[in-house]
Structure formats: C-alpha cells, structure tokens
Amino acid sequence: TTEFLRVKAKHMNCEVSDLLWSYRQTVFPYAYGNGLANADFRGGRVNFALHVELLKVDGKLTPRFGLASCKVDLESFQLQVTESVFSWAYNAYVSICKETTKDYVAKSLETACRDNMVLLLAPLNKYLQPYWAFLLSTIGVSMDALPIAEGEEFTVTLAVVNACEGSES
C-alpha cells in the first residue's frame, strides 16, 4: 500500500515515578511480589504512516485514511524497583535483561499506538470527508486507483432529546 502521509515524533522522554506493580504466579512454586518502581525512557521515536483506501460507508465507497505502518523505538530504558523485600533481585534481573525489557516496552507502546489509532483516524476521516476530491486531485490520484478495504462502516445518528420539551411552562 502506498503511503500518503508519514508522521515522525522523536527525542521523546518519559519518567514515571512510584509505579505500582505486582505479580502472582499461579503454578508451582507459586511466587508472588509487589512494590514500587521508577521507570525512565529516553530518546523515544514514534513513526507512523497513513495510506488512503476506499471503504464502503453506508453502502457507498468513500476514501479514508488507514494505518500503513507504525514503529516505536527507545534509545534507552531504565527500571528501578523499590519498596520490595526482593528489590535487589528484581533490579539485578532487570539489569541483566535490559535490552529485552527495553524491546518489550517499545513493542507494547507500538501495540498501544496501533490499537488506539482509531482515536486519530475517526475524527480525521470525518472532517476530511468534504475535501477528498480536492486532496486526491491535488496529488494526481483518481478514486479508481485507490485500493478497496475489506469491511463496511455504518453511520449512526443520535438525536439529543430535550427533557423540557413537551412540558408546559
């Protein structure tokens, strides 16, 4: 699928203090633990690209933005476990598995971005609706050249009923 728009965010940093955590192993040896942790990541990068596709909306083929790709990278990630009897052991394990932990956090953030992309795309597609013909003609792409997405969307219109209507003043 051809990318229409690419968005990049870089040099992102995040500190999370006093993060509550817990675990409970449900099979032998039935280990459990809880405590606080401080997490810090530096040099975060988020790249995503959007493509244009045709989607059937209320029975009519309509151009829509869709997610073409999404990638999250972290330059560094640190986790310091506190407030636990075994903090020293958890911190030793985190230190040994630093790269694996960093990759897991990046992959989890990437999954969250993918899963929540609809929060960006739904209003964007709604407000771009009257402008698609202009946008496509500006870049020299015809509607016939766009790929057709699977599925269909239906629009539901909700009416707000005034509670005071019908009552006499």
If we only count heavy atoms from C-beta on, is the Val141 to Phe4 side-chain gap below 4.5 Å?
no
One should read off an interatomic distance between Leu121 CG and Asn116 CG, to the nearest 0.5 angstrom, of 11.0 Å
How far apart are the closest heavy atoms of Pro123 and Val118, and which atoms are they?
CD-O, 4.0 Å
State the CG-CG distance between Leu5 and Leu135, to the nearest 0.5 angstrom.
10.5 Å
How long is the straight-line distance from NE2 of His11 back to CZ of Arg45, given to the nearest 0.5 Å?
9.0 Å
Met12 to Phe41 - nearest heavy-atom pair and separation
O-CE1, 3.7 Å
With heavy-atom distances below 4.5 Å as the criterion, would you say the side chains of Tyr90 and Ser84 are in contact?
yes
Whether Tyr23 and Trp21 hold their rings parallel, tilted or perpendicular, with breakpoints at 30° and 60°
parallel
When rounded to the nearest 0.5 Å, the distance separating CZ of Arg64 from NZ of Lys126 is 11.0 Å
Compare every heavy atom of Glu3 with every heavy atom of Ser69, then report the nearest pair and how far apart it is.
OG-OE2, 3.9 Å
Quick check: closest heavy atoms across Met143 and Leu61, and the distance to 0.1 Å?
CE-O, 4.3 Å
Does the side chain of Leu74 come within less than 4.5 Å of Val105's, by heavy atoms?
yes
How about Gln25: does its CD atom have over 12 heavy atoms from other parts shown lying under 6.0 Å from it?
yes
Nearest heavy atoms of Val57 and Thr62, plus distance in Å
CB-OG1, 3.8 Å
Could you report the tightest heavy-atom contact between Leu79 and Ala37, atom names first, then the distance?
CD1-CB, 3.9 Å
Is it the case that over 12 heavy atoms from other parts of the model lie below 6.0 angstrom from the CD atom of Glu75?
no
Given side chains that start at C-beta, do those of Pro63 and Leu54 come closer than 4.5 Å, heavy atoms only?
yes
Out of curiosity, does Trp132 fall in the hydrophobic cluster containing Leu124 (side-chain heavy atoms, cut-off under 4.5 Å, transitive links)?
yes
Same apolar cluster: Val7 and Val72, side chain cutoff 4.5 Å
yes
Does the side chain of Val52 reach to within under 4.5 Å of the side chain of Phe65, using non-hydrogen atoms?
yes
Measure the shortest side-chain to side-chain distance between Leu36 and Leu20 over non-hydrogen atoms and say whether it is less than 4.5 angstrom.
yes
Glu110, CD atom: more than 12 neighbouring heavy atoms under 6.0 Å:
yes
Calculate, to the nearest 0.5 Å, the distance between atoms NZ and SG belonging to Lys71 and Cys113 respectively.
12.0 Å
Set out, in order, the CA-CA distance, both residues' side-chain angles and the distance that settles side chain to side chain contact (heavy atoms under 4.5 Å, CB included) for Asn38 and Leu19, then state yes or no.
CA-CA 6 Å; Asn38 298 314; Leu19 179 68; over 6 Å; no
Gap separating the NZ atom of Lys8 from the CZ atom of Phe48, nearest 0.5 angstrom:
12.5 Å
Just so I know, are the side chains of Asn125 and Leu55 near enough to count as touching, which here means a heavy-atom distance under 4.5 Å?
no
